[in-house]
*Asks:* 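Below is one structure. I have some questions about it.
Since the model is a prediction, treat every value here as computed from it, not as a measurement. Heads up: numbering here begins at 1 and tracks the sequence. Start at 1 and go down the list; that is how both ligands and their atoms are numbered.
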Amino acid sequence: MCGIVGYVGYRGAPEILVNGLRKLEYRGYDSAGVAVVFDNEIKIAKTKGKVNNLAERIEKTWSEKLQTKATTGISHTRWATHGEPNEINAHPHLDNDGRTVLVHNGIIENCRALKARLLAEGHTFASETDTEVLAHLVGKYYKTDLIEAVCEALSKVEGTFGIAVLAKDKPDEIVVARKGSPIVIGVGDDETFVASDAAAIVAHTKNVIYLDDGDVAILTAGEVEVRTLENSPISREVSTLEFDADSAEKGEHKHFMHKEIFEQPDALRNAIGGRLDKDKATAILSGLSMSPREMAELRRFIMVACGTSMNAGLVGEYYFEDLADMITDVEQAAEFRYRNPIIGSQDMVLAISQSGETADTLAAIREAKQKGALISGLCNVVGSTIARETGRGVYLHAGPEIGVASTKAFTCQVAVLLMMALKFGRGRRLSRDVGQKLCAAISNIPKYAEETLKLDGQIRDIAKVYAGVEDVFFIGRGYMYPVALEGALKLKEISYIHAEGYHAAELKHGPIALLEPRVPVVALANDVPGKDKTIGNIEECKARNSPVIAVVTGDDPCVDGLADHIIRVPETPDVIAPITVAIALQLFAYHIAEFRGCEIDQPRNLAKSVTVE
Ligand code: G6P
């Protein structure tokens, strides 16, 4: 969480920094700030709230000269951990003498002990942040060599960091470092960029260097020197970004979420494209780098993930059990590492993460590696930490997802998990005949997504009816159970309506006590095993006078005359229904949030990439 952008070159830094921060607002948006070095002075602007407030502040209070001639700067958009989101706690933070300034993404876990020592040495602090403690440490060690001071300070620190540091007597240099929080450096002609995510850089250059944990780097105009935290030189390769600036723009869409919902047919095409071998009736996922024998010998498949990615994993669990005939578990990443999971060399642990940076998922995969399991990743962001640390896995190729509520990543994760289950299944007991049917079904997913999107107007009308409610339950069984969880998560994230996903049978074990006319139930009565029982559960909801919005397959008349509203997703093989239904529920959540006037792309308190535990 939190986004960092830095620039050193020949152009006015403030504009580049502010535009870069706009691309990173999904990482946090409670306050923002910029620092530049100009005339051997550090100039800082900070504001509470969104990056636009910061842009206005700079425009109003910084001279034209400062805005255009300051060519080195760092900036930050914040998601508060230590201290409330206000101007004082906003980054950048100065050291005790005002000679160096720093922005930080991550958490300094031993900040209390460090702060106590610094206070005893006479330091005074303006903010409540852990970052200011780190800034003071850098200042304490800074004599003439900035990277030396940064390395010295970081050697005292426990926790995670992605940082960028400036010194007022080094107007042409930025020092950056990472451990646990991403840092990507963009190398241009006579200019160098740094950010938490390549989306903030891609408009300027496609040549990037991803720092590894424990790397520090000195950036000057067009030059990058990478070192270890012990300050010894190390080389890192330059990679080329595979997306362009347009894919991280909203275009004609009102919100990124809207754009990303409607991009799903294309995103799914990219996720599936070239990955089906219809002849052999299997999937080609070469990034898994496993021989058929290795696959056949696996004892257990465990998925670790958070949020929406975990819901995708829960759909995948059905696929792996049904098709790959494998013992499969899905674990909340945060819990997995603090238990004593019984895993070993015959188990594969797959980290599912859109961003590839979620702290708990990363920690879970490290724990699994430590215990000797095979680890792999299912990530969207190319070059992300999880993708690189696992070394094997599958990319989604869904394109940048900016809206905080995940949409296209979820459906692409489900599609890829289905392909993985097909591949593992074919290496084990799945017949060629079933494999071929699955290949046909999977290749039609983009078309089914397109058809589902045609329901937009109708779903909007239904959303209008329910936009004023305070509580909603989502119920489903089998493949539809995790989709009910995801539908509820989408709605609560962006509309602030209290929404809960339940197994349809669990309703009777508590939640049914809450049903009444003001509490609608979204019931997923698709044509998948368990449908008839779900219809029975809809009867129970109606008997308690709850309005029911049912989702059914095609023309199925199963809830005609029973449900108050019916959403008819296209007829598909049952394994595909989680994708079409998820799209319908994304539209439902989107329109409800829109009717309620919510900030859809940047819901309160949330961030897209949760890089703290
Ligand atoms: C945050 C986001 C969710 C996302 C979750 C996991 O909570 O707001 O949309 O599902 O993190 O993120 P990941 O990048 O690991 O999929």
Side-chain angles (χ1 to χ4, degrees), residues 1-3 24-30 79 81 180-182 196-197 199 255-257 260-261 267 271 303-316 330-337 349-366 376-390 393-396 398-414 416-417 482-483 485-496 501 582 585-586 589-590 593 598-613:
M1 357 206 39
C2 300
L24 297 191
E25 264 194 309
Y26 72 85
R27 299 179 69 88
Y29 32 81
D30 60 42
W79 186 89
T81 56
S181 302
S196 309
D197 178 340
H255 299 103
F256 276 109
M257 184 180 179
E260 288 154 9
I261 290 174
M303 292 174 262
V304 290
C306 301
T308 289
S309 294
M310 191 177 87
N311 290 339
L314 290 168
V315 178
V330 181
E331 302 263 3
Q332 228 166 26
E335 197 53 28
F336 178 81
R337 64 180 292 219
V349 180
L350 174 77
I352 309 174
S353 175
Q354 187 286 129
S355 61
E357 302 294 347
T358 300
D360 284 319
T361 312
L362 180 59
I365 210 83
R366 285 179 177 159
S376 55
L378 175 51
C379 298
N380 190 34
V381 177
V382 175
S384 55
T385 309
I386 292 174
R388 286 184 299 134
E389 283 206 13
T390 50
V394 186
Y395 278 122
L396 293 182
E401 191 182 68
I402 311 285
V404 166
S406 183
T407 51
K408 63 178 178 175
F410 176 81
T411 48
C412 289
Q413 284 163 343
V414 171
V416 172
L417 287 168
V483 183
L485 301 181
E486 176 57 13
L489 179 59
K490 270 315 63 99
L491 186 64
K492 80 179 94 172
E493 274 179 311
I494 60 169
S495 72
Y496 314 140
L585 298 185
Q586 291 163 0
Y590 175 83
C598 297
E599 290 229 41
I600 292 180
D601 282 334
Q602 294 172 345
R604 70 181 177 215
N605 303 340
L606 298 181
K608 180 126 193 96
S609 190
V610 180
T611 55
V612 293
E613 282 183 52

*Asks:* Would you check, one step at a time, whether the test side chain to side chain donor-acceptor pair (under 3.5 Å) holds for Gln354 with Ser309?
*Replies:* CA-CA 7 Å; Gln354 187 286 129; Ser309 294; over 6 Å; no

*Asks:* So, the side chain of Tyr29 versus the backbone of Pro603: is there a donor-acceptor pair under 3.5 Å, distance only?
*Replies:* yes

*Asks:* With sequence neighbours excluded, what pairs up with Thr390 under the side-chain contact (heavy atoms from CB on, under 4.5 Å) test?
*Replies:* Ile365, Ile375, Ile386

*Asks:* Determine yes or no for a side-chain-to-main-chain donor-acceptor pair under 3.5 angstrom, with Glu389 supplying the side chain and Leu362 the backbone.
*Replies:* no

*Asks:* So, Glu260 side chain and Ser406 main chain: donor-acceptor pair closer than 3.5 Å or not?
*Replies:* no

*Asks:* Distances only, to 0.1 Å: what are the N or O pairs between ligand 1 and the protein that fall under 3.5 Å?
*Replies:*
residue  : atom   : partner : partner atom : Å
ligand 1 : 8 (O)  : Ala607  : O            : 3.0
ligand 1 : 9 (O)  : Val404  : O            : 3.2
ligand 1 : 10 (O) : Thr308  : N            : 3.0
ligand 1 : 12 (O) : Thr358  : OG1          : 3.3
ligand 1 : 14 (O) : Ser353  : OG           : 3.4
ligand 1 : 14 (O) : Gln354  : N            : 3.4
ligand 1 : 14 (O) : Ser355  : N            : 2.8
ligand 1 : 14 (O) : Ser355  : OG           : 2.6
ligand 1 : 14 (O) : Thr358  : OG1          : 3.4
ligand 1 : 15 (O) : Ser353  : OG           : 2.6
ligand 1 : 15 (O) : Thr358  : OG1          : 2.4
ligand 1 : 16 (O) : Ser309  : OG           : 2.5
ligand 1 : 16 (O) : Gln354  : N            : 2.7

*Asks:* With no hydrogens and no angle check, is any side-chain donor or acceptor of Gln586 less than 3.5 Å from a backbone partner on Lys490?
*Replies:* no

